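Computed from a predicted model, the values in this text were never measured in an experiment.
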Amino acid sequence: MRSPQRSRFAQGSVRRGTIIACLLLAAGGAAALLVLGGAGSSAAPSGPSTAQGRGDWAEVVISDFDITTVSDGVLEAKKQVEMRNALDMESALVEIVPEGTRAKKGDVLARLNTDQLAQQIDQQEIELERAKNERASADSDLEIQKTESSAETRKATVALQIAELEYEQWLRGEVETKRQELRVKLDEARSEAERLGVKVRQNVQLQGQGFISLDEMQKQELELRKQQAALQTAELNERVYESFQFPKEQKQKQEVIDAAKAELTKTQQRASSQLASKESRAANSRREVTLREQRLTKLREQLALATLTAPQDGLVVYGTTVENRWWNNEGPLQIGRKIYPNQLVIALPDTGAMNAKVKVHESIAGQIKTGQTATIRIDALGGKSVTGVVEKIGLLAEADNWRDPNLREYTVTITLGPEAAALDIRPSMRCSATILLEQVKTATTVPIQSVFADGPVRYVLTQAQDGLARTPVTLGRVSDRFAQITAGLTPGQRVLVRAPK
């Protein structure tokens with residue numbers, strides 16, 4: 001919104017003509033501070049002149065004067081809040097206050113259409129309720145699965161423990177009993193065979209002596225052979241048991257244990273898989289509820305953002321006015337206008353604290369310091385003036401004037417004094433700032449119009465007996481109105497303040 005501007009030095013509006021230009025050459029860098037004004041002549045008189053009027057003369061005096069520079073610029077709010085469309089979607093204006101309204105903090109300035117948001121909120125509430133029901137169902141299924149998995153695992157564990165106990169019972173009970181039974185039968189058969197063997201040997205002697213008959217002896221021998229066969233059978237039974245029946249039964253019992261272990265492992269894996277599935281479903285349902293709640297919260301926040309409320313006191317300025325885009329052919333904001341995401345709707349500058357931003361030529365910028373005082377003249381208020389203080393000077397020079405590409409200026413920010421709050425000041429008003437650069441104290445002073453130049457020589461015209469006399473002078477500091485004389489004049493002398501006729 002900044003309009004093109006130049007300092008009077010930069011614009012070359014030299015009103016005193018060649019006289020002041022010569023003063024600039026003599027004063028060096030200090031002459032760049034001049035804000036020129038008034039009429040004058042660049043030519044020195046070549047001879048005696050006619051008498052001058054009394055009002056054409058000024059007295060050389062000891063006085064103080066100010067050195068200032070004048071720059072043009074615009075006003076802007078020191079604090080400005082931008083209110084943009086914070087919705088994630090395009091909307092339309094349904095309400096907006098008139099531009100230029102003085103808003104108070106908390107005032108509703110604009111509203112955007114929320115029909116689509118309201119529909120999304122209703123849909124999201126339904127989806128959230130469904131997600132909560134799904135979460136309750138998933139949590140219930142998870143608890144049931146935990147109970148079932150625990151029961152199945154306990155059952156498989158008990159089955160394994162029983163199989164192991166049965167194995168121990170068989171190994172330490174049935175096997176020992178069987179082995180003892182086989183050993184007893186084997187011992188009995190061996191003992192009986194030995195006894196019968198002794199008896200048969202005795203019977204052989206007795207039969208030879210005629211004490212027993214042959215038939216009786218043969219019967220004893222037959223009993224011995226039967227007992228020997230029984231002994232062999234007992235020995236065979238023991239070998240068969242140890243070699244075949246015991247390993248067979250052991251493998252059968254071990255197979256039962258292995259099967260129980262496998263069933264326990266399978267049960268645990270199945271339980272773990274089922275629990276993981278149920279936990280995943282429960283976690284997903286909880287996550288969905290969280291996401292739905294976050295989405296609903298965001299939609300409700302978006303609904304609240306559709307109402308633009310003033311965060312501070314300020315002047316309502318439409319975004320279309322602030323941006324002032326050349327391609328904007330839709331005019332200012334109005335009801336029904338489409339507003340895009342992040343589009344500036346209203347700028348709210350606080351006119352209670354204003355700045356003036358002015359441009360100064362780069363030759364002057366080095367003499368401007370923060371804290372210097374200034375007088376701000378506001379064109380739109382009939383030339384009313386307020387005080388100000390230099391707040392900051394731009395870091396880099398700007399070259400944005402198409403008419404003079406070599407012109408480089410610095411932006412100076414001036415804070416307006418408290419009396420500005422009582423005026424109807426608005427951003428973008430044009431202004432002119434007179435910045436006080438220096439104060440010259442107790443100097444021998446003449447009006448700037450009384451100083452003339454003839455090449456490098458600076459002189460004034462004083463009274464002489466035959467008319468006017470050139471009096472060379474040495475200049476000190478100069479302003480737009482006065483010049484300091486460091487040599488050539490004394491207080492009380494009179495000098496001509498215009499070129500002679």
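Under the 4.5 Å side-chain criterion, counting only non-hydrogen atoms from C-beta, L496 is not in contact with V460. Side-chain contact between K78 and D350: absent, with no pair of heavy atoms (C-beta onward) separated by less than 4.5 Å. Using a 4.5 Å heavy-atom threshold, the side chains of Q367 and I67 count as separate. Residues R470 and D454 meet the side-chain proximity criterion, which asks for heavy atoms closer than 4.5 Å. Considering only heavy atoms from C-beta on, L348 comes within 4.5 Å of L109 through its side chain. Using a 4.5 Å heavy-atom cutoff, the side chains of T320 and Q334 are not in contact. Residues L128 and V289 are in side-chain contact: their nearest non-hydrogen atoms beyond the backbone lie under 4.5 Å apart. Annotation: side chain of T351 is in contact with side chain of P427 (closest heavy-atom distance under 4.5 Å).
A side-chain donor from one of T415 and E391 sits under 3.5 Å from a side-chain acceptor of the other. Between the side chains of S150 and R154, at least one donor N or O sits under 3.5 Å from an acceptor N or O.
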(request) Carefully, step by step, assess T462 and Q493 under the rule side chain to side chain donor-acceptor pair (under 3.5 Å). (result) CA-CA 8 Å; T462 58; Q493 289 185 275; 5.4 Å; no
(message) Using side chain to side chain contact (heavy atoms under 4.5 Å, CB included), reason through L275 and L142 one step at a time and then give a plain yes or no.
(response) CA-CA 7 Å; L275 277 175; L142 177 59; 4.2 Å; yes
(request) Under the side chain to side chain contact (heavy atoms under 4.5 Å, CB included) rule, what do R295 and Q120 come out as? Steps first, then yes or no, please. (result) CA-CA 10 Å; R295 177 61 177 162; Q120 292 181 1; 3.6 Å; yes
(message) N355 vs I414, test: side chain to side chain contact (heavy atoms under 4.5 Å, CB included). Steps then yes/no.
(response) CA-CA 5 Å; N355 287 337; I414 303 172; over 6 Å; no
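Between R498 and D56, at least one side-chain N (NZ, or NE/NH1/NH2) sits under 4.0 Å from a carboxylate O, which counts as a salt bridge. Look at E288 and R130 and you find a salt bridge, because one of the NZ, NE, NH1 or NH2 atoms lies within 4.0 Å of a carboxylate O, short of that distance. Under a 4.0 Å N-O distance rule, the pair E419/K384 does not qualify as a salt bridge.
Between the CG atom in D141 and the NZ atom in K278 there is a gap of 4.5 Å [rounded to 0.5 Å]. Here the SG-CG distance, from C431 to D379, works out to 7.5 Å after rounding to the nearest 0.5 Å. Atom NZ of K357 is separated from atom OG1 of T413 by 4.5 Å, given to the nearest 0.5 angstrom. Of the inter-residue distances, the one linking L299 atom CG with D122 atom CG reads 10.5 Å to the nearest 0.5 angstrom. Separation of atoms CD (E152) and CD (E263) is listed at 9.0 Å; rounding is to 0.5 Å. D72 CG to R377 CZ: the interatomic distance, rounded to the nearest 0.5 Å, is 10.0 Å.
Remark: side-chain polar atoms of E99 are not paired, donor with acceptor, to backbone N or O of L333 under 3.5 angstrom. Side chain of R300 to main chain of I121: no donor-acceptor pair is present (N/O by atom type, distance under 3.5 Å, no hydrogens or angles). Judged by distance alone, the side chain of R458 and the main-chain N or O of P456 form a donor-acceptor pair under 3.5 Å. The closest donor-acceptor contact from the side chain of N85 to the backbone of Y340 lies under 3.5 Å. Counting only distance, with no hydrogens or angles, the side chain of T265 and the backbone of K261 share a donor-acceptor pair below 3.5 Å. Under the 3.5 Å distance criterion, the side-chain polar atoms of T157 are matched with a main-chain donor or acceptor of T153. In this structure a side-chain-to-backbone donor-acceptor pair under 3.5 Å is missing from S363 to H361. Although no hydrogens or angles enter the test, the distance criterion places a donor-acceptor pair under 3.5 Å between the side chain of S285 and the main chain of A282.
Scanning both residues, A356 and L416, for their nearest heavy atoms gives N-CD1, 3.6 Å. Of all heavy-atom pairs spanning A483 and V478, the tightest one is CB-CG1, 3.8 Å. Contact detail for P311 and M83: the closest heavy-atom pair is CD-SD, 4.1 Å. Considering all non-hydrogen atoms of both residues, W57 and Q463 come closest at CH2-CG, 3.2 Å. Nearest heavy-atom pair, S479 versus F65, reported as atom, atom and distance to 0.1 Å: OG-CD1, 3.7 Å. Scanning all heavy atoms of the two residues, the minimum distance from Q302 to D88 falls at OE1-N, 2.8 Å.
Shown here are the side chain to side chain contact (heavy atoms under 4.5 Å, CB included) partners of K105, two or more places apart in sequence or in another chain: D313. Residues forming a side chain to side chain donor-acceptor pair (under 3.5 Å) with E95 (at least two apart in sequence, or on another chain): R111. Here Q123 pairs with E127 under the side chain to side chain donor-acceptor pair (under 3.5 Å) rule; sequence neighbours left out. Listed by chain and number, the residues in a side chain to side chain contact (heavy atoms under 4.5 Å, CB included) with A276 amount to none (sequence neighbours excluded). When the side chain to side chain contact (heavy atoms under 4.5 Å, CB included) test is applied to Q439, the partners found at least two apart in sequence or on another chain are D66, L436, K441. Here N133 pairs with E129 under the side chain to side chain contact (heavy atoms under 4.5 Å, CB included) rule; sequence neighbours left out.
Looking at R287, R281, R286 one by one, the single match for salt bridge (Lys or Arg N to Asp or Glu O under 4.0 Å) with E134 turns out to be R281. Partner of T444 under the side chain to side chain contact (heavy atoms under 4.5 Å, CB included) criterion, out of I485, V61, V473: I485 alone.
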